[in-house]
**Q** 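Structure incoming, see below.
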Amino acid sequence: MKKKIDEYQIYQKHCDQIYEQVKNDPYAQFLGIQLTKFEAGFAEAMLEVQGHMVNAHGTVHGAVMYALADHVFSVACNAYGKTSVGLSTTIQFIEAAQPGDRIVARATEIRRNFRTGFYRIEIFHEQSLIATMEAVSYRKDQYFIELDEQD
């Protein structure tokens, strides 16, 4: 019988190694997204909206807010060291943000099983909720970290 893997134990044991992998997202770095919290099944990141990140109406482009939400989703669903990719997302834009605004996204794991994970992402400007996203991840078989015999 195959031993059941305790993924929270993997997170605790390999947290630094997993963090180094998930924080090095070239696109997020290009946009200036800063990862501010990283836990098992949870991530938070911040972005200061720049003038070149706006749409024709002068408000933050939806693609920028989506990129921030998608980044924390990616970090949260990969927090156990198992390769996970986005399967589907649905985003709702509630309010606009302006250049100079600091926006914060938080991804929270709702549930995960062997193959899928379900996440709720919220984006805030100060205390105002400005967007929400529901996301589903597909969890592949392999781990992107080196597991040892005890894992």
Side-chain angles (χ1 to χ4, degrees), residues 1-50 52-53 60-95 97 101-151:
M1 176 178 231
K2 192 172 184 181
K3 180 178 121 178
K4 183 173 167 110
I5 295 174
D6 182 344
E7 290 186 329
Y8 187 73
Q9 185 178 24
I10 290 172
Y11 163 79
Q12 289 180 311
K13 186 174 182 181
H14 301 279
C15 179
D16 292 339
Q17 184 183 2
I18 295 167
Y19 175 75
E20 286 302 313
Q21 179 77 19
V22 297
K23 78 170 188 168
N24 289 323
D25 181 308
Y27 187 63
Q29 290 174 349
F30 171 77
L31 290 175
I33 295 172
Q34 299 171 24
L35 188 59
T36 54
K37 287 187 183 169
F38 170 66
E39 300 170 9
F42 179 84
E44 178 185 272
M46 184 276 300
L47 174 66
E48 188 167 325
V49 178
Q50 304 297 312
H52 66 275
M53 296 176 173
V60 67
H61 199 288
V64 172
M65 289 205 304
Y66 182 87
L68 178 61
D70 189 55
H71 180 61
V72 293
F73 165 47
S74 173
V75 171
C77 71
N78 281 281
Y80 304 98
K82 190 172 194 178
T83 302
S84 299
V85 296
L87 188 58
S88 70
T89 61
T90 303
I91 192 164
Q92 298 80 33
F93 301 105
I94 301 167
E95 287 183 22
D101 287 352
R102 184 169 289 181
I103 57 177
V104 175
R106 296 183 188 107
T108 304
E109 183 177 272
I110 304 305
R111 185 176 176 102
R112 75 184 147 77
N113 57 37
F114 181 74
R115 278 288 176 221
T116 54
F118 302 87
Y119 297 82
R120 179 169 298 120
I121 298 90
E122 298 177 319
I123 302 177
F124 294 89
H125 171 246
E126 296 178 356
Q127 302 304 315
S128 294
L129 180 65
I130 63 171
T132 63
M133 186 167 88
E134 301 294 321
V136 179
S137 67
Y138 175 76
R139 308 180 78 231
K140 295 185 173 186
D141 289 332
Q142 70 269 20
Y143 286 82
F144 60 83
I145 57 169
E146 191 69 38
L147 298 179
D148 52 36
E149 293 297 318
Q150 290 82 25
D151 291 328

**Q** If you measure only the distance, is there a donor-acceptor pair under 3.5 Å linking the side chains of Gln92 and Thr132?
**A** yes
**Q** Side chains of Arg115 and Asp141, heavy atoms from C-beta outward: is any pair under 4.5 Å?
**A** yes
**Q** Mind checking what makes ring-ring contact (aromatic ring centres under 6.0 Å, His included) contact with Phe118, not counting sequence neighbours?
**A** none
**Q** Looking at every non-hydrogen atom in both residues, tell me the closest pair between Leu47 and Met53 and how far apart they are.
**A** CD1-CE, 4.0 Å
**Q** Are the side chains of His14 and Leu147 in touch, meaning some heavy atoms are under 4.5 Å apart?
**A** yes
**Q** Using a cut-off of 6.0 Å, state whether more than 12 heavy atoms not belonging to Phe144 lie near its atom CZ.
**A** yes
**Q** To the nearest 0.5 angstrom, please state how far the CZ atom of Arg102 sits from the CD atom of Gln34.
**A** 7.5 Å
**Q** Distance check, rounded to the nearest 0.5 Å: Arg120 atom CZ versus Arg106 atom CZ?
**A** 14.0 Å
**Q** Can you tell me how far apart CD (Gln142) and OG1 (Thr83) are? Round to the nearest 0.5 Å.
**A** 4.5 Å
**Q** Working to the nearest 0.5 angstrom, can you tell me the gap between Ile18 CD1 and Ile10 CD1?
**A** 7.5 Å
**Q** So, the side chain of Ser84 versus the backbone of Cys77: is there a donor-acceptor pair under 3.5 Å, distance only?
**A** yes
**Q** Check Tyr138 against Leu87 and note the closest heavy-atom contact, atom names and distance.
**A** N-CB, 4.1 Å
**Q** Rounded to the nearest 0.5 Å, what's the gap from OH on Tyr80 to SG on Cys15? Could you check?
**A** 11.5 Å
**Q** I want to check something: taking the side chain as every heavy atom from C-beta on, are Asp101 and Val60 in contact at a cut-off of under 4.5 Å?
**A** no
**Q** Taking only residues two or more places apart in sequence, or in another chain, which ones meet Phe38 in a ring-ring contact (aromatic ring centres under 6.0 Å, His included)?
**A** Tyr11, Tyr19
**Q** Could you pull out the closest heavy-atom pair between Lys23 and Glu20, with the gap in Å?
**A** CE-OE1, 3.3 Å
**Q** Rounded to the nearest 0.5 Å, what separation is found between the NZ atom of Lys13 and the CG atom of Asp6?
**A** 11.5 Å
**Q** Could you check whether any side-chain N or O of Thr36 sits under 3.5 Å from a backbone N or O of Glu44, counting only pairs where one atom can act as donor and the other as acceptor?
**A** yes
**Q** Provide the closest heavy-atom pair for Ile123 versus Ala105 in the form atom of the first, atom of the second, distance.
**A** CG1-CB, 3.9 Å
**Q** What heavy-atom pair brings Ala79 and Gly41 nearest, and what distance separates the two atoms?
**A** CB-N, 3.7 Å
**Q** Would Ile130 and Met65 satisfy side chain to side chain contact (heavy atoms under 4.5 Å, CB included), going step by step from the backbone distance to the final call?
**A** CA-CA 9 Å; Ile130 63 171; Met65 289 205 304; 3.6 Å; yes
**Q** Would you check if the side chain of Asp70 reaches a backbone N or O of Tyr66 as a donor-acceptor pair within less than 3.5 Å?
**A** no
**Q** Tell me the closest heavy-atom pair linking Ala76 and Ala107, and the distance in Å.
**A** CB-CB, 3.9 Å
**Q** Could you list the residues that satisfy salt bridge (Lys or Arg N to Asp or Glu O under 4.0 Å) with Arg112, not counting sequence neighbours?
**A** Glu7, Glu109
**Q** Within the supplied structure, the quantity of interest is the number of heavy atoms (other residues, nucleotides, ligands) at a distance under 6.0 Å from Glu126 CD; does it exceed 12?
**A** no
